[in-house]
Amino acid sequence: MTEAAPRLSPATLGRLAPGGAVLLPRYDRAALRPAIVHLGLGAFFRAHGAHYTEDVLNQAGGDWGILGVSLQRPDQRDRLAPQGGLYTTLERGPDGEQARIVGCLLGVMVAPEDPAAVVARLADPETRIVSLTVTEKGYCHDPATGRLNLAHPDIAHDLENPEAPRSAVGFLAAALRRRRDAGQAPFTVLCCDNLPHNGALVAGLVRDFAARLDPAFAEWIAAEVRFPATMVDRIVPALAEADLAAAEAATGLADHAPVGHEPFRQWVIEDRFGPAGRPAWEMAGAQLVADVAPFEHMKLRLLNGAHSALAYLGYLAGHETIVDAVSDPVFAAYARRLWAEIRPMVPQPPGQDLEAYTEALLARFGNPAIRHRTWQIAMDGSQKLPQRLLSTVRERRAAGLPIPALALAIAAWARYAGGTDETGAPINVRDPMAAELRARLDAAGPLPAARIAALLAVEAVFGTDLPADPAFVSAVTTAYETLLSAGARAAASA
């Protein structure tokens, strides 16, 4: 047996030589302050927003440290605390791997353990930006309307207990209220989740919540708090056991919280921040723009829409990862047909060629070094479908255009939500509406038309317009029947 490697920490970081194969922080970590508090500290932000901040610190120095907040579990804190917030990122491309130690993360708080401490940290004037990656379901909203779901258990709790919140919206409101009451300037709220018009959406949710407490507070938020829109893009698979071994092999140090990611990254940010400012993220390649919407539409519909479609169809066909799915010529061809339906409905952002963009996406999906599991991408489909697929469906139907590839993606979600794959094996469906969806399907019985009608009646996902569109209902039902009779691969090739 080999001797166990020492744990990555500030004390062991000196074992790695500057200028060596592993990239290291080149700034004074002692100068960092918790200027950015990030809610929902998962793998994506640590490989994306923290990476951009790390690049700025390496180039220009400064005090823009990041404090993470886990809203549910202590896992991240427990992995990162013994490492002093340090962790390894592994950039994986077809030609090899580049390891890097990220140093801008100062620590992690666990909200359920001490919500008052989290509110106090957010309310502290030292906090200049509160950023978020809490996933679509973390905003406790109705995906079809974009309004706050007042019946959500976390929102109901937070309205009753505004100083001990559970939800991201509740934490933002509690801290902003303290800043207002103390006569202090608010922090900027920077949503980094895949939601359409995410800045305006989160602003509306926080105002909806605040108005239930105090209408004057909601008016103050509308007048004083900045919610810039963003578009984020980097493929970051969930942590796998192999990542631990790869990080140790690259650095010689045991890291319990490494992150693997693809080489590509993009961050488009509406340049609308409060008086406390922001890091010079443009130094690291971020695009600061007046209007994020064209970039957001491009990414949400072309990348995320195809990702979801390939996740459901690929999983049903037995493919564990996206790279496995697109390595099958049938699914690669299906992706191109899907993009041919989506592209005409996407305004072209400045400097972008949408056809070249989708060909580049296919190459990214096919990166053999990135093992992004179809099951992971398939999570929370009820929250993702409206912005990733259904917005395009509505626009194509309004223009009188056919939707065969889009309908198949929606039918594949319906098949997946049924909880049984093509071999009869159970599917572990992770979705906040999983129980309701399954109950509707069970009550509908075996007939495909009845099962699709039962799912399309979920107003929070499909609204009231799509179930009333006979052509849409027919297209999804036909695709679902093909999935049941012929299987996902044959349906994708049809």
Side-chain angles (χ1 to χ4, degrees), residues 34 36-54 65-81 83 85-92 100 102-113 118 122 129-140 154 166-169 171-172 189-195 198 202 230-244 247 255-262 265-267 299 303-304 307-308 311 322 370-381 383-384 430-432:
I36 301 172
V37 178
H38 185 81
L39 305 183
L41 187 74
F44 179 81
F45 179 79
R46 292 193 294 123
H48 190 268
H51 244 217
Y52 278 91
T53 304
E54 185 80 359
I66 300 170
L67 181 69
V69 176
S70 292
L71 293 176
Q72 295 181 349
R73 295 178 299 276
D75 312 27
Q76 288 281 34
R77 188 269 316 278
D78 294 348
R79 287 192 289 260
L80 286 160
Q83 301 179 183
L86 296 171
Y87 61 92
T88 312
T89 61
L90 301 163
E91 181 178 295
R92 291 169 166 157
R100 174 182 192 177
V102 175
C104 60
L105 181 65
L106 301 177
V108 185
M109 303 178 76
V110 181
E113 292 179 357
V118 174
L122 295 172
I129 295 172
V130 177
S131 51
L132 304 91
T133 47
V134 298
T135 75
E136 291 90 342
K137 67 181 177 184
Y139 293 94
C140 306
D154 289 348
R166 293 175 181 168
S167 70
V169 170
F171 276 107
L172 292 172
V189 179
L190 190 68
C191 175
C192 301
D193 277 303
N194 289 314
L195 294 160
N198 57 11
V202 177
T230 68
M231 185 275 271
V232 297
D233 190 1
R234 173 167 260 180
I235 295 173
V236 183
L239 176 67
E241 195 67 29
D243 297 327
L244 304 175
D255 182 353
H256 293 205
V259 184
H261 59 82
E262 67 169 334
R265 71 177 185 181
Q266 187 176 19
W267 198 5
K299 194 259 181 173
L303 189 156
N304 297 119
H307 236 183
S308 287
I322 290 294
I370 296 294
R371 308 289 294 174
H372 207 171
R373 295 175 64 198
T374 49
W375 178 80
Q376 180 194 359
I377 298 164
M379 290 180 183
D380 305 329
Q383 312 297 294
K384 295 174 178 176
R430 295 287 185 91
D431 190 293

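Residue numbers run from 1 in the order of the sequence given.
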Is there a side-chain contact (heavy atoms from CB on, under 4.5 Å) between Y139 and D193? Walk through the geometry before answering.
CA-CA 10 Å; Y139 293 94; D193 277 303; 2.6 Å; yes
Using the salt bridge (charged side-chain N to carboxylate O under 4.0 Å, His left out) rule, take D243 and R92 through it: C-alpha gap first, then chi angles, then the decisive distance, then the call.
CA-CA 11 Å; D243 297 327; R92 291 169 166 157; 2.6 Å; yes
Test side-chain contact (heavy atoms from CB on, under 4.5 Å) on L190 and V130; report intermediate values, then the result.
CA-CA 6 Å; L190 190 68; V130 177; over 6 Å; no
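Counting heavy atoms from C-beta outward, N304 and K384 have side chains that stay 4.5 Å or more apart. Under the 4.5 Å side-chain criterion, counting only non-hydrogen atoms from C-beta, L105 is in contact with L41. No side-chain heavy atom of L244 sits under 4.5 Å from any side-chain heavy atom of D255. A 4.5 Å side-chain heavy-atom check between H256 and Q83 finds at least one atom pair inside the cut-off. A 4.5 Å side-chain heavy-atom check between V232 and N194 finds at least one atom pair inside the cut-off. A 4.5 Å side-chain heavy-atom check between L195 and E136 finds at least one atom pair inside the cut-off. Looking only at side-chain heavy atoms (C-beta outward), L172 and L132 come within less than 4.5 Å of each other.
Scanning both residues, S167 and C140, for their nearest heavy atoms gives CB-SG, 4.1 Å. When all heavy atoms are compared, the tightest approach of A247 to L90 is N-CD1, 4.0 Å. Shown here for V118 and A111, the closest heavy-atom pair between the two residues is CG2-CA, 3.8 Å. Taking each heavy atom of S70 and V108 in turn, the nearest pair found is OG-CG1, 3.7 Å. The shortest non-hydrogen separation linking A168 to L71 is CB-CD1, 4.0 Å. For the pair L80 and A257, the tightest heavy-atom approach, listed with the atom from each and the gap, is CD2-CB, 3.7 Å.
Taken from CZ in R371 to CD1 in I235, the straight-line distance is 13.0 Å, to the nearest 0.5 Å. Taken to the nearest 0.5 Å, the OG1 atom of T89 stands 8.5 Å off from the CD atom of E54. The CZ atom of R46 lies 11.5 Å from the CD1 atom of I66; values are rounded to the nearest 0.5 Å. To the nearest 0.5 Å, the span separating CG on L67 from CG on L106 amounts to 6.5 Å.
By the side chain to side chain contact (heavy atoms under 4.5 Å, CB included) test, Q376 pairs with A238, H372, R373, sequence neighbours left out. Not counting sequence neighbours, the partners of D233 by the side chain to side chain donor-acceptor pair (under 3.5 Å) test are R364. When the ring-ring contact (aromatic ring centres under 6.0 Å, His included) test is applied to H261, the partners found at least two apart in sequence or on another chain are H51. Every residue two or more places apart in sequence or in another chain that forms a ring-ring contact (aromatic ring centres under 6.0 Å, His included) with W267 is listed here: H48, Y52, W281. Qualifying ring-ring contact (aromatic ring centres under 6.0 Å, His included) partners for F45, counting only residues two or more places apart in sequence or in other chains: H38. Scanning for side chain to side chain donor-acceptor pair (under 3.5 Å) contacts around N198 gives T230, with sequence neighbours left out.
Listed for the T133 side chain is a donor-acceptor partner under 3.5 Å among the backbone atoms of G40. Of the possible donor and acceptor atoms, one in the side chain of R234 sits under 3.5 Å from a partner among the backbone N and O of E262.
When each of Q72, R73, R77 is checked for a side-chain contact (heavy atoms from CB on, under 4.5 Å) with D75, only R73 meets the rule.
Comment: K137 does not engage D154 in a salt bridge, judged by the lack of any side-chain N to carboxylate O separation of less than 4.0 angstrom.
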